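The structure appears right after this line, and notes come after that.
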Amino acid sequence: MTNKSKWTFLVITTVLFSSFLFGKCDQPCEARDVGIIGRSVVCVCNATYCDTVTRDAPAQGTFVVYTSSRAGKRFEKSYGTIRLSIGAKAPVSENYDRSGKTLSELFNEASYRILSNIRHQKIEGFGGSVTDAASINWRKLSDSTQRRFINSYFGRDGIEYNLIRVPIGGADFSTHPYTYNEYPWNDKALSNYSLSNEDYFYKLPMIKQAQKTATAEIKVTASTWSPPVWMKTNEAITGFAQLKREFYQTYADYHLRFIEEYDKAEVKIWALTTTNEPINGIVPFVDFNSLGWFPTDLGIWVANNLGPTIRNSRFNDTLILAVDDQRYLIDIYLGGMARADPKSLEYIDGIAVHYYGNFIPAGILSNIQRRYPDKILLATEACEGPMPWDLMRVKIGSWERADRYTRHIIDDLNNFVVGWIDWNLCLDENGGPNWAHNYVDAPILVYGERDEFIKQPMFYAMGHFSKFIPRGSQRVEVLRTSLAHVNNVAFITPQGNIVMVLQNTNTHEVKVNIATSLLRSVEITMEPESIKTIEINNN
Ligand SMILES: *[C@@H]1O[C@H](CO)[C@@H](O)[C@H](O)[C@H]1NC(C)=O
Ligand SMILES: *[C@@H]1O[C@H](CO)[C@@H](O)[C@H](O)[C@H]1NC(C)=O
Ligand SMILES: *[C@@H]1O[C@H](CO)[C@@H](O)[C@H](O)[C@H]1NC(C)=O
């Protein structure tokens with residue numbers, strides 16, 4: 001080689017190597033202005049293009065920040081070095097002497113100390129639901145667009161989901177109400193149990209693609225909305241109804257049969273919930289597939305039927321999660337179950353909780369955790385736009401919805417939730433299909449005829465957690481040392497890095513100082529209305 005070509009070679013390899021190191025190979029968001037005042041952008045994906053994000057492992061003594069904002073940033077990366085703060089802001093007295101600070105500093109400079117010795121719950125992961133609606137929409141896309149979709153959610157350069165929830169039979173997000181073994185009636189032996197076309201052609205293929213693409217084991221949680229109507233007191237798919245006593249064991253077997261059928265299709269069920277939203281069959285505000293449980297009856301069924309059926313089966317390690325309803329119902333259900341039969345609580349491994357009662361502060365979850373310390377808390381369903389007063393079911397490009405997801409996920413994680421599963425992975429532009437017309441929003445909307453899907457701000461809100469808080473991460477205590485505050489939650493990852501998710505809901509900038517130990521700190525500036533994930537290698 002001549003000197004000149006050596007020089008060129010060196011430059012080229014350096015550029016290639018640093019673009020590898022610094023993730024310049026990420027594909028940016030193909031932003032679309034949705035044309036409505038007050039909305040943020042959506043990112044458009046098709047057969048040949050989709051935005052990606054890789055996680056850059058920070059080198060010792062450095063950190064990497066990922067930013068999304070109302071103004072349009074999506075996982076924008078920046079880098080920094082941990083500062084030694086010897087002598088800098090050292091004297092403790094100065095921290096408490098606010099007289100030296102201007103009013104603006106008081107409100108716009110937040111500071112925290114990570115107490116990495118105070119450790120809380122271990123994280124299982126994050127994910128979304130493979131409903132009929134989600135998988136039918138996904139199947140409308142061409143093969144290569146389907147792959148980009150799955151990669152966006154599960155891939156190494158996507159947001160690396162590792163949890164999935166799947167309905168056992170139909171839910172409202174189906175094109176029609178159905179169950180397994182609908183005929184013959186009163187068939188206690190479940191002699192005609194078989195999965196549906198939706199399982200074989202939509203849900204299972206989607207789950208399998210996700211499993212192939214995922215960077216960790218995908219743990220699947222399954223829930224029944226309604227059993228065959230012949231098991232129910234009103235013999236209808238919805239309305240006020242409980243399980244007929246003579247079918248208590250049959251309904252337990254119905255769950256075991258589902259685990260067996262999915263096992264044949266090579267999808268392991270990690271957890272079962274004890275029925276989706278059991279209050280809906282007691283107080284029928286909603287008009288879709290349901291089964292009501294009074295708390296005491298649920299205790300009797302779990303203690304005598306579901307618990308023994310699962311534990312005596314070949315699938316004895318399947319977790320059983322009770323309640324699967326709003327946070328304000330947990331106490332009522334667990335109390336009633338324990339009164340009816342204390343064994344029922346021995347059979348359950350945890351509590352599944354939904355999003356729609358979050359007007360009650362999340363502290364209620366910490367109380368539950370204190371009283372039932374050996375049970376995990378798993379968030380199993382969330383979506384925006386489901387309430388009668390939500391005038392818009394789909395609110396395309398809404399930053400507020402991403403903000404609410406972020407705030408509630410932070411609150412849940414700070415109150416002992418170990419994992420967070422979103423509702424439909426995707427829906428169509430109207431928030432369907434849904435046979436009961438209960439349309440809602442989703443992080444991804446699919447436009448089948450255009451072979452295109454769009455990622456809403458909610459998708460990035462989910463990713464700020466799911467991608468950077470790997471399974472096995474442990475939450476650590478964060479001590480606030482300033483008047484100013486931004487929502488936040490912090491973890492130690494299995495690799496020993498600190499990951500912190502922060503949310504600035506203000507319309508102005510906020511400076512954040514994070515002390516990672518007595519002598520080290522990191523300073524970042526949060527843009528107005530932004531979400532940041534920071535990964536710090538403090539070793
Ligand atoms: C896919 O999106 C890219 C980027 O927006 C665009 O250049 C390309 O034309 C699109 N392809 C199709 C088939 O629409
Ligand atoms: C078994 O179920 C199918 C529908 O899944 C139904 O067509 C058939 O009649 C049922 N068999 C009996 C014996 O009821
Ligand atoms: C669970 O079942 C397996 C066989 O599938 C058995 O080896 C194991 O001992 C069982 N565990 C419990 C706790 O019963």
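Sequential numbering from 1 along the given sequence is applied to the chain's residues. These numbers come from a predicted model, not from an experiment. In each ligand, atom 1 is the first atom listed, and ligand 1 is the first ligand listed.
When only non-hydrogen protein atoms are considered, atom 11 (N) of ligand 2 lies nearest to N192 ND2, 2.8 Å. Looking only at protein heavy atoms, the nearest one to atom 13 (C) of ligand 3 is N316 ND2, 4.4 Å. At the shortest separation from atom 9 (O) of ligand 2 among protein heavy atoms lies Y183 CB, 4.6 Å.
Between Y161 and F154, the ring planes are perpendicular. Angles over 60° get that label, and only those under 30° would be called parallel. By the 30° and 60° cut-offs, the orientation of the rings of F149 relative to W138 is tilted.
Atom CZ of R156 sits in a sparse spot, with 12 or fewer heavy atoms from other residues, nucleotides or ligands closer than 6.0 Å.
By the definition of a contact as any protein heavy atom under 4.0 Å away, atom 4 (C) of ligand 2 is not in contact. When distances from atom 7 (O) of ligand 2 to the protein are checked, no heavy atom turns up under 4.0 Å.
Residues P227 and T179 are not in side-chain contact: their nearest non-hydrogen atoms beyond the backbone lie 4.5 Å or more apart.
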*asked:* As a quick check of understanding, evaluate salt bridge (charged side-chain N to carboxylate O under 4.0 Å, His left out) for R165 and D324, giving each step before the final call.
replied: CA-CA 12 Å; R165 181 173 182 235; D324 208 14; 3.0 Å; yes
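When the heavy-atom distances from atom 10 (C) of ligand 1 to N46, T145, V44 are ranked, the shortest goes to N46.
Set against the non-hydrogen atoms of T48, the atoms of ligand 1 under 4.0 Å away are 1 (C), 10 (C), 11 (N).
Between H255 and Y251, the distance from one ring center to the other falls under 6.0 angstrom.
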